[in-house]
Chemist: 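One structure is given below, represented as structure tokens, and several questions about it will come after.
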Amino acid sequence: MKYRLAWFLLFTINIGIAQVTTLITKEEVIAKVKESNNTLKMAEQDVLAAKGDFNQTNAILLPNISVSHTGIATTNPLMAFGSKLNQEILTSADFNPDLLNDPNQIKDFATRVEIQQPLLNFDGIFQRKAARSEWIATEFQSERTEEFIALEIEKAYMQLQLAYKTAEVLKKAKETAMENKRIADNSFKQGYLQKSDVLAVEVRVTEIDNQLQYAKSNILNNSNYISVLMNANSDQILKPADSLVIVNQTFSEENLLENRKDIMAMNSATEAYRQMHKADQMAFLPRLNAFGTYELHDDDVFQSNANGYLFGAELKWNLFEGSKRIGKSQKSKAEYDKSKLQLAQYKSESQLELNKAKRSLEDARNKLKLTALALQQSKESLRIRTNRFEQGLEKTTDLLLAETQYSQKQLEYYTTIFQHNYAQAYVEFLTKE
């Protein structure tokens, strides 16, 4: 049992040593998040993947070039005659029927360069446009992700500020409670107070201790979350270099939703669906492609005793593929119509969210004024009751009630500051171009 207790104490000490408090500013958090955040890195990879899809569509503009070297040995009459012909070694003796029907083994090594060049590929052109729109949509979405992470940083940093401010208020409340306990103990010894009054003060001290422990847990939780955002070591305890204060900003009343990155991303995605539908419609048209080959033949490896070339063009029109293209066009049309409905719905919901956020900001501003007045009143009430309690003119319960209300009003005031600042940051996020 003693061994387990010693091990637990040692483990606790090591944890305490490992967790070092580090001062950090919001600007430093933003810089580290931009550099190391995994969500932002994944968004960048999504953009690169979309760019790769677009680059694949270069195939409708650029030639397809391949080189091959083939070696064969054959006694097949047709292949043997053709191989001699390709090597330009055919003689009149090779027209002997016996040799034609039963030729000797012949070797042929052929180097072949083949080029295919698309000339008219209407569906490919619109597929390329669709891939470009998808790439643009992914870029906009990546930028919006960065803006969302910035909002998360703002929120997490303010939450950490609030957690430290809460702990600060509770520490001061504990100091006050401990002083009240000292006075109550002295008064009890002198016979001015009953035991129940002293116990009530002790209960208040215990309540503050519990609240202080929750505040410390919130500090650790918010510190760890910021570390995760920065993709940094979560053993350290972060502390804001500045305190939680009221921030006031002004916003334009104009409707800025059309210029928001997520709206623009959905617009580009809808455009991609439109181009894909056009591509499926263009699949009913013929395709024109050019081709050419250049061949080198010899009976030794990598030699070129004979050569020849071939070039031409092919106009190909698939008239019917068992209604496959019809069904594909119907599907892409439905997806395009669905994307337009999704865009309209998203705009409507975004406008609703913006209106709610503006109202929440206005409510927070009004509440901020109210809590500031309530804090001032509770502070004055506590001062008066404390003076009266020290003179023996105030009940213990009334003093505890005043002290509790003052602590609550302080916490409520700083919580309202957080709500106000976050509501302001959220409106800025919803109206950011």
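All values below come from the heavy atoms of this structure, side chains included, with hydrogens, waters and symmetry mates left out. What you see is a predicted model; the values in this text were computed from it and never measured.
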Chemist: Could you tell me which non-hydrogen atom of Ala313 sits nearest to which non-hydrogen atom of Leu288, and how far apart they are?
Modeler: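 Reported closest heavy-atom pair: CB-CD1, 4.4 Å.
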Chemist: Taking the side chain as every heavy atom from C-beta outward, state whether Lys171 and Leu212 have any atom pair closer than 4.5 Å.
Modeler: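 Yes, at least one pair of side-chain atoms sits under 4.5 Å.
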Chemist: Check this for me: does any side-chain nitrogen of one of Asp337 and Lys333 sit under 4.0 Å from a carboxylate oxygen of the other?
Modeler: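 Here Asp337 pairs with Lys333 in a salt bridge, since their nearest N and O are under 4.0 Å apart.
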Chemist: Should the pair Phe109 and His69 be assigned to parallel (<30°), tilted (30 to 60°) or perpendicular (>60°) ring geometry?
Modeler: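 Judged by the thresholds at 30° and 60°, the geometry between Phe109 and His69 is parallel.
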Chemist: Is the shortest heavy-atom distance from the side chain of Leu90 to the side chain of Phe95 under 4.5 Å?
Modeler: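 Side-chain contact under 4.5 Å: yes.
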Chemist: So with a 6.0 Å cut-off around NZ of Lys340, is the heavy-atom count from everything else above 12?
Modeler: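 Check passes, neighbour count above 12.
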Chemist: Grab the two heavy atoms, one from Ala163 and one from Ile219, that are nearest each other, plus how far apart they are.
Modeler: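 In terms of heavy atoms, the two residues are closest at CB-CG1, 3.6 Å.
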Chemist: Can you check salt bridge (charged side-chain N to carboxylate O under 4.0 Å, His left out) on Lys172 and Glu175, steps first, answer last?
Modeler: CA-CA 5 Å; Lys172 291 182 179 179; Glu175 292 175 0; over 6 Å; no
Chemist: How far apart are the C-alpha atoms of Leu119 and Gln117, what are their side-chain angles, what is the distance that settles it, and do they pass the side-chain contact (heavy atoms from CB on, under 4.5 Å) test?
Modeler: CA-CA 6 Å; Leu119 297 179; Gln117 174 64 57; 4.1 Å; yes
Chemist: Report the C-alpha distance between Asp46 and Thr138 in whole Å, list the side-chain angles of each, state the deciding distance to 0.1 Å, and finish with yes or no for side chain to side chain donor-acceptor pair (under 3.5 Å).
Modeler: CA-CA 7 Å; Asp46 289 338; Thr138 309; over 6 Å; no
Chemist: Taking the side chain as every heavy atom from C-beta outward, state whether Tyr413 and Leu368 have any pair of such atoms under 4.5 Å apart.
Modeler: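 Yes - at least one pair of side-chain heavy atoms lies under 4.5 Å apart.
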Chemist: Between Lys338 and Glu335, is there a salt bridge with N-O shorter than 4.0 Å?
Modeler: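 Looking at Glu335 and Lys338, the cut-off is not met.
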Chemist: Do we see a donor-acceptor contact under 3.5 Å between the side chains of Gln275 and His277?
Modeler: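 Gln275 vs His277: no donor-acceptor pair found between side chains.
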Chemist: Can you spot which of Gln410, Lys174, Gln211 makes a side-chain contact (heavy atoms from CB on, under 4.5 Å) with Val169?
Modeler: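 By the side-chain contact (heavy atoms from CB on, under 4.5 Å) criterion, Val169 pairs with just one of Gln410, Lys174, Gln211: Gln410.
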Chemist: Considering only heavy atoms from C-beta outward, does the side chain of Lys41 approach that of Asn38 to under 4.5 Å?
Modeler: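 Yes, at least one pair of side-chain atoms sits under 4.5 Å.
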Chemist: Shortest non-hydrogen contact from Glu403 to Ile208?
Modeler: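 For Glu403 and Ile208, the tightest heavy-atom pair comes out as OE2-CD1, 4.0 Å.
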Chemist: Take atom NZ in Lys107; do more than 12 heavy atoms of anything else shown fall under 6.0 Å from it?
Modeler: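 Atom NZ in Lys107 is not crowded, with 12 or fewer foreign heavy atoms closer than 6.0 Å.
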Chemist: With rounding to the nearest 0.5 Å, note down the distance linking CG in Asn96 to OG1 in Thr91.
Modeler: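 With rounding to 0.5 Å, CG (Asn96) is 10.0 Å from OG1 (Thr91).
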Chemist: Please check if atom OH in Tyr214 has more than 12 non-hydrogen atoms from other residues, nucleotides or ligands closer than 6.0 Å.
Modeler: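 Not more than 12 within 6.0 Å, no.
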Chemist: If you define the side chain from C-beta out and look only at heavy atoms, does anything of Gln116 sit under 4.5 Å from Asn289?
Modeler: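 With C-beta onward as the side chain, the pair stays apart.
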Chemist: Does the distance from a Lys or Arg side-chain N to an Asp or Glu carboxylate O, for Lys26 and Glu154, drop under 4.0 Å?
Modeler: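 A salt bridge is present here (some side-chain N lies under 4.0 Å from a carboxylate O).
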Chemist: Nearest heavy-atom pair of Leu100 and Asp94: which atoms, and what distance?
Modeler: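 So the minimum-distance heavy-atom pair works out to CD2-O, 3.2 Å.
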Chemist: Could you tell me whether Glu168 atom CD has more than 12 heavy atoms of other residues or ligands within 6.0 Å of it?
Modeler: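 Count over threshold, so yes.
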Chemist: Decide if atom CZ of Arg132 counts as having more than 12 heavy atoms of other residues, nucleotides or ligands within a radius under 6.0 Å.
Modeler: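 No, the 6.0 Å shell around CZ holds no more than 12 heavy atoms from other groups.
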Chemist: Would you kindly check if the NZ (Lys) or CZ (Arg) of Lys129 is within the cone defined by 45 degrees around the ring axis of Phe126 and under 6.0 Å from the six-membered ring centre?
Modeler: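 Yes, cation above the ring, under 6.0 Å and within 45°.
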Chemist: In this structure, are over 12 heavy atoms from other groups packed under 6.0 Å from Asn248 atom CG?
Modeler: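 It does: Asn248 CG has more than 12 such atoms within range.
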Chemist: Could you walk me through whether Met276 and Tyr336 pass the side-chain contact (heavy atoms from CB on, under 4.5 Å) test, one step at a time?
Modeler: CA-CA 8 Å; Met276 283 302 299; Tyr336 172 48; over 6 Å; no
Chemist: In plain terms, say whether Glu271 and Arg274 are close enough for a salt bridge, that is, a side-chain N and a carboxylate O under 4.0 Å apart.
Modeler: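 Judged by the 4.0 Å cut-off on N to carboxylate O distance, Glu271 and Arg274 do form a salt bridge.
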Chemist: For Ser268 and Ala137, which heavy atoms make the closest approach, and how far apart are they?
Modeler: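 Looking at all heavy atoms of both residues, the closest pair is CB-CB, 3.6 Å.
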Chemist: NE2/His420 to CG/Leu361 distance, rounded to the nearest 0.5 angstrom?
Modeler: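 One finds 5.5 Å between NE2 of His420 and CG of Leu361.
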Chemist: Report yes or no: is the cationic atom of Lys165 (NZ for Lys, CZ for Arg) under 6.0 Å from the centre of the six-membered ring of Tyr414, at an angle within 45° of the ring normal?
Modeler: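 Yes, Lys165 lies over the aromatic ring of Tyr414.
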Chemist: Crowded around Phe148 CZ? As in, over 12 foreign heavy atoms under 6.0 Å?
Modeler: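 Incorrect, the count does not exceed 12.
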Chemist: If you define the side chain from C-beta out and look only at heavy atoms, does anything of Leu430 sit under 4.5 Å from Glu353?
Modeler: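 Yes - at least one pair of side-chain heavy atoms lies under 4.5 Å apart.
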Chemist: Just by distance, with hydrogens left out, do Gln87 and Asp108 show a side-chain donor and acceptor under 3.5 Å apart?
Modeler: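 On atom types as modelled, these side chains qualify, holding a pair under 3.5 Å.
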Chemist: Regarding Lys432 and Glu147, does a basic nitrogen lie under 4.0 Å from an acidic carboxylate oxygen?
Modeler: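 Not counted as a salt bridge, because no side-chain N and carboxylate O are separated by less than 4.0 Å.
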Chemist: Is there a side-chain contact between Gln161 and Asp242 (heavy atoms, below 4.5 Å)?
Modeler: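 SC-SC contact between Gln161 and Asp242 confirmed.
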Chemist: What I want to find out is whether Glu362 reaches Arg359 closely enough, with some N-O distance under 4.0 Å, to be called a salt bridge.
Modeler: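 So Glu362 does not pair with Arg359 through a salt bridge.
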Chemist: If I take atom CD from residue Glu146 and atom CZ from residue Arg144, how far apart are they, to the nearest 0.5 angstrom?
Modeler: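 Answer for the CD-CZ pair, Glu146 versus Arg144, is 11.5 Å.
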Chemist: If we count only N and O atoms by modelled type, under 3.5 Å, do the side chains of Tyr225 and Glu152 hold a donor and an acceptor together?
Modeler: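 Present: a donor and an acceptor within the cut-off.
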Chemist: For the CG atom of Leu85 and the CZ atom of Phe81, what is their distance to the nearest 0.5 Å?
Modeler: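 Those atoms lie 6.0 Å apart.
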Chemist: Thr166 versus Asn218: any side-chain heavy-atom pair under 4.5 Å?
Modeler: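 Not touching, per the 4.5 Å side-chain cut-off.
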Chemist: Can you name the nearest heavy-atom pair linking Thr74 to Ala80, along with the distance?
Modeler: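 Reported closest heavy-atom pair: CG2-N, 4.0 Å.
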